[in-house]
Structures are given as structure tokens and as C-alpha cells.
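Notes follow once the structure below has been shown.
Below, chains carry the letters A, B, ... as their sequence lines are ordered, and counting in each starts from 1. As a basis for the values below, the full set of heavy atoms in this structure was taken, side chains included, without hydrogen atoms, waters or symmetry mates.
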Amino acid sequence: MTRLSSYLLPTVKEAPTDAEALSHKLLVRAGLARQLGTGMWTYLPAGWRVHRKVEQVIREEIDAIGGLELLMPVLQPAELWRTTGRYDIDELFKLKDRKGADLVLGMTHEEPLTWHVAREVRSYRDLPLILYHFQTKERDEPRPRAGLLRTREFVMKDSYTFDRDAEGLEHGYQLHIRAYDRIFERCGLEWYRVESDVGMMGGLGAHEYMAPCAAGENEVALSGAGYAANVEVASAAAAAVEGLPEPLAAPETEATPGARTIEEVAGVLGVPTGALIKAMPVVSKARGPLLAVLRGDHRLNEIKLRNALGADARLAREEEIAELFGAPPGFIGPVGSRVPVVADEALHGLHGLVAGANRPDEHLRGVEPGRDFEAEWLDFRSVEAGDTCASGGTIRIEPAIEVGNIFKLGTRYSEPLGATYLDESGDEQLIWMGSYGIGPARILAAAVEQYADEQGISWPRAIAPFGTHLVALGGEGEPARAVADRLYDELTKGGAEVLYDDREVRPGEKFADADLLGCPLRLTVGKRGVEAGEIEAQVRRGGARSALPIDSAAHDARELWRELP
RNA sequence: CGGGGCGUGGCGCAGUCUGGUAGCGCACUCGGCUGGGGGCCGAGCGGUCGCUGGUUCAAAUCCAGUCGCCCCGACCA
């Protein structure tokens, strides 16, 4: 029984003024969610229905690949996290019990699950396993933001595969790709599976599932030729520089007083910014100071640089620069560099370039990599719109929200936690693991972002809080009300999920609330229609209307609903 | 962690600069009119102005501290 007169759906006309993201505004306006504190959100009844629908889609698909659902606690012994070396992560909430024992609030569940598997799995006969749960994650985020998009507490579906070797892991990984593709498809999202950084999880490979939307925190590089990657790791061929200066037999010094930025130097010397060599002082614990150089119009990507170096690296701080690199920022260059040079591949084969002279207020013209300086060649620039992917497509870049990720962990956790099995020969072997996350809240928020219009939300059918929003016009005792009551019973008995607006409020308010809430099908029963023997159906997305004869309305509405997106 | 901004009935805001009886709109309650896109009229309820301390005859207003919240950046399993 879902009659709006006795339901809690507190819609509001005005969005919170401090809300920026569309999903943030609409989830509050439509009465689906409320904020409790920074990064802390309550789902109101209709919002929680959406969350549960998303969960159910996920559950069905993970079950379909053989996943076994269980439940682990959020509260965990600190010892486990010390064992895997993750206790010092800043995002990990730490606390003590009354006896002073150290505890943590789980930000994910590799530790406890691997610990269990280490105890329960003894033989190769016990493998493979896919275990998963839906559980709250707690993360002390540096900056929660955008409503439900980045919160400190959220439910995650996390599944884990346990296999005897790399081949088994690959199989479990492929099963998850299949399940995930189906999940996002069924939820009605526009989505991409992209290559991603393995990050601090460590591991052998990773993909992210991205839902493009304006409020997205990530950027994905896409091409018509099918290339899709997070810009954190994307690679592509750079567009050529227009108007590159003629080569010189040897570099020539030019006075460039006060010209510190790429734009200033390019302006003073009358060359395109792409003709400059951008020199970025970098410090690596493993490799020492390095000078990373790339095309002046390109941006250094620290993640790609670390991956390419196979070592830690960060940009040098102001005070380190003079000491380690011997020239003021803005005038540093690879020619005669004190420290080893790593060069981005997009510089390869260029000539007539401009670089800092490693002396204040001077640059060099006519620089040619390879001739004028030696370098280790790597790929560490961020790709840009207009670049060309390996298959020849032109790259475009879109903001997107990460709705899921899959990781090949390998033995990163089985080793410290001692998760092993005995193979056919009786030899002890490490279990190979993968981990796979989905945030239902992000699916929900992404769906709002992707399909909302001026009037409000437009839910995909599979995750709408209610399939049908039945609006009764006219008060208690009027004929239209009796027709609506009857239709509500018929629809409900037929298995439809119906929100029945039986409130004593004016029609305009009912329509506005229905549009805001965004159920895929709206049925309106009013005096006009009833006199004509009809009720009115309106599809939320696109607004197509049709008249259904009263006698067959319940049946017709079900048919109509089935065809909705 | 750096930068910017904001805390005043349930919600959105004005008042703060220049100290002197806390106000507006919405929502809510009651009555009436109305009834297919957030309607109208009337009468009401509701606020120790985030908190603590200070200055003053007097503090929402000035000063100090503190807590909370938002945005940008850094960061982000």
C-alpha cells in the first residue's frame, strides 16, 4: 500500500543553495535523501527503494556468475590492517574500544575476507570461489562532495575472487566483466568500461566503469574507434605542432628577462607554446632528482610518470628546485641538466625547440632532443582532445563518475595474510585474488545526472522508486476518485509497483511532484477523462501521452510500462 | 592541507558595514473561497540570531576563540 497521503515524500521547491551537482539538488528536492553532516546522508523511503532496486540488479548478476553472498562487519581489528600494511592510510577511520584495543572501520573488506579464506580453504579442491557482500564502507575522505557522489559512508557491493593461479584469476576477472556489463546495462545507464590505474591497491590490472555526467570527478578519454581509458592512464599520439621554428645547427641563447611561464616565453620569442620544452623538476625516493621534460602545450601526468618510471615520483617543491636543479623555476632546461632527464615521447623527433638555459632570464632556441641532450624516453603526458588513439580514432575527453571498478590483486593480500592451498602435489601455493566494487549510490546519482530535465528526475525503469505514479484528481467522493481507487487495486494486484497520489492537494502540485520524482509512467485520473471513459497516460521521459480506456487501463498500462527505457 | 564563502523560526533569505523593540517569502495550523500544472483571502503557531568568552548602559550587529557547513584546489583503493 503506497498512498502518498500516508507516505513520507518531502518534496521541496528550492534546492539547497550550497548544492552544485544536479543529482544533489534533485535528490533533495524530490524527497529522496537528506544530509546529516559532511559526507553523511540519509536515504528517505523512496530513495532507499531506488538503492534496493540497484542492489537487487547487482545481486542477481553476481549470483549468476556463481557469487556467494555473505556479510562481514564494518568494525574490524586493527591488527589485520597492520598485517597488510594498510593501517597507516589516512582515509582509514581508527578507534579504540573501552579496553583500549585498536579497531578500524572498514573502508573495504580484503583484509577480513582473505583472513577467513586463509582459514577455511585448505585444498585446490576448495577453489575457485567468488564471495561478495553489500556492506557499509567508512572512509575519512579529504573532501566529501556533490551530495551522494562522494560520501564518507556508503554501501558497496564488493566481491572477491579466489583462484589457484593467474589463469584462474583471469577467468574470475572475465566473469566479472560480463556481470558488470550486464549490471550497468540493466540499470539503464550510459556507461564505459575503461582502462584504469591500479593505484595503491597494487596489482596486475584494472578497469573502471564510468558513467559520463557533468558532475563526474573523473575524466575519460574516448575515441570513435572504441578506445576508452581514464585520463590517468590514457595514451595516444599527440597532434603535431603548427608553426614549429626552423632547426638550428646548434642552440642559441636568447635573453628572456622575467619570462617564466610557457605563455610568456612563447610570446616573447614569437613561437607556438608547442615549440617549448616544459621542464618539470621531479623528486623520486627511488631514483633521486629527475628533470621531466615534455612539450610546452602538454601537461605532465604524475600517475603515468610513476607508472612509466616504475618508481615513486612527485613534483619538486619550490625550495628544493634551486638546490637540486641549479636554476630558478621558469629557466630550467634539459640542455646541460645537472640531473638525469626523462623525456615525454611526444618530444621525439622535434627540432627547433625552445628550452630554459639553466640560467636566470635566458632560454635556448634551436634545441633538438637527442642531439643537445640525452634522455630516457617515456610516455607521461596527459592525453588531450584531438589526439589520435592507436586505432586511429580522434580522442575526446568527457567528465564521468566512477560507478564500479575491477582489480586483479594477485597475491597482494594472500601473502601477508597467509591464504594458501595445497595443490595436487601437496605443495603449498598462494591464492590469487581479484576484487570488484560497485557503489549503488553512484549508480543512483549517475542515473539522476544523466536523465534529469527541467522538471526533475527521469528514472530508468529498472531502478525507479515506483514503476507507475498514479495521480487522482478531484476530492474524496467524486467519481474520478472511485475510478482511481479501483485502478490502483487492479494495478497492484497485477504486480505493478504503484505510488498513488491520493492527497487533497491541487492538481498542479501533484503534477509537479510526479515530474520531480520521475517515475517512468504517470497515470492521471480526472473528471475530464472519466467522463470520456478514459484515463491519461504520460511517459516521463519524452512526455508522450496516450489515452487508455478505463476498462482496460490496468492491462494497457502494464503493456506500456514494459516498453519504457 | 592551502584558498574563498556561509551559519538568523522547518526551508530560502533580509537585517551586521553605522550597536538601541528580530523581519520577509515559503511551509505549517484554523476558517472560507477554489479545483487539470506549485491558486486566493483572512486569522494564527513558531526564533536564547551556531557555541563560548570579551567590549559596552545596551550585542544578531564590534573583538577573540571555537564548532559546523559549502565551493575551488591538493588528495582520493
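Look at G7(B): its Watson-Crick or wobble partner, with both distances under 3.5 angstrom, is C67(B). For U21(B), there is no paired base (Watson-Crick or G-U wobble, both distances below 3.5 Å). Base pairing analysis places C28(B) opposite G44(B); the two distances defining the Watson-Crick or G-U wobble pair are each below 3.5 Å. Figure legend. G2(B) is base-paired to C72(B); pairs are counted as Watson-Crick or G-U wobble with both atom distances under 3.5 Å.
To the nearest angstrom, P of C76(B) lies 12 Å from CD of Glu217(A). Whole-Å rounding puts the Asn301(A) CG to C76(B) P distance at 12 Å. One can place CE of Met156(A) at 12 Å from C1' of C76(B), the figure rounded to the nearest angstrom. Taking atom NZ of residue Lys25(A) and atom P of nucleotide G12(B), one finds them 14 Å apart after rounding to whole Å. We find that CD of Glu91(A) is positioned 15 Å from P of A74(B), with the value rounded to whole Å. The distance between atom CD of Glu302(A) and atom P of G73(B), rounded to the nearest whole Å, is 16 Å. Here C76(B) presents its C1' atom at 12 Å from CG of Asn405(A), a figure rounded to the nearest Å. Regarding Leu300(A), its CG atom lies at a distance of 13 Å from the P atom of A74(B), rounded to whole Å.
Checked against a 6.0 Å centroid threshold, the rings of His24(A) and Trp41(A) count as neighbours.
Between Ile65(A) and Ile130(A), the shortest heavy-atom distance links the atoms O-CD1, 3.4 Å. Between Val525(A) and Ala480(A), the closest heavy-atom pair is CG1-O, 3.4 Å. Taking all atoms of both residues into account, the shortest heavy-atom contact from Leu169(A) to Met433(A) is CD1-O, 3.4 Å. Closest non-hydrogen pair, Lys304(A) versus Arg381(A), comes out as NZ-O, 2.8 Å.
Taking atom P in both U21(B) and C49(B), one finds a spacing of 15 Å when rounded to whole Å. Here the separation of A27(B) from G39(B), taken at their C1' atoms, is 16 Å to the nearest Å. When the P atom is used for both C6(B) and C76(B), the distance is 31 Å, rounded to whole Å. Separating the C1' atom of C63(B) from that of C17(B) is a span of 15 Å, rounded to the nearest Å. Rounded to whole Å, the C1' atom of G3(B) lies 34 Å from the corresponding atom of G9(B). With P as the reference atom, U29(B) and U18(B) are 44 Å apart, rounded to whole Å. With C1' as the reference atom, G46(B) and C11(B) are 13 Å apart, rounded to whole Å. Of the C1' atoms belonging to U66(B) and C13(B), the separation is 26 Å, rounded to the nearest Å.
For C76(B), its base sits under 3.5 Å from the side chain of Arg150(A) at one donor and acceptor pair at least.
For Glu14(A), counting side-chain heavy atoms from C-beta on, the closest listed nucleotide (G12(B), C71(B), C69(B)) is G12(B). Among C76(B), C69(B), G12(B), the nucleotide with an atom closest to any side-chain atom of Glu141(A) is C76(B).
By the side-chain hydrogen bond (donor to acceptor under 3.5 Å, both in side chains) test, Thr151(A) pairs with no residue at all, sequence neighbours left out. For Arg193(A), the side-chain contact (heavy atoms from CB on, under 4.5 Å) test picks out Ile177(A), Asp181(A), Trp191(A), His207(A), Tyr209(A), with sequence neighbours left out.
Residue Arg143(A) is in base contact, counting any heavy-atom pair closer than 4.0 Å across all strands shown. Among the protein residues, Ala146(A) comes within range of the sugar-phosphate backbone only, with heavy atoms under 4.0 Å from sugar or phosphate atoms but none that close to a base. Nucleic acid contact for Arg139(A): sugar-phosphate only, since backbone atoms but no base atoms lie under 4.0 Å from a heavy atom of the residue.
Look at Thr17(A) and you'll find a side-chain N or O under 4.0 angstrom from OP1 or OP2 of C13(B).
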(request) Any chance you could list the contact pattern along nucleotides 29-39 of chain B? Use B for base contacts, S for sugar-phosphate-only contacts and - for none, protein heavy atoms under 4.0 Å, 5' to 3'. (result) -----BBBBBB
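The pair Arg522(A)-Asp515(A) meets the salt-bridge criterion, with a side-chain N (NZ, NE, NH1 or NH2) lying under 4.0 Å from an Asp/Glu carboxylate O.
Classification of the Tyr7(A)-Phe466(A) ring pair by plane angle, with boundaries at 30° and 60°, yields perpendicular.
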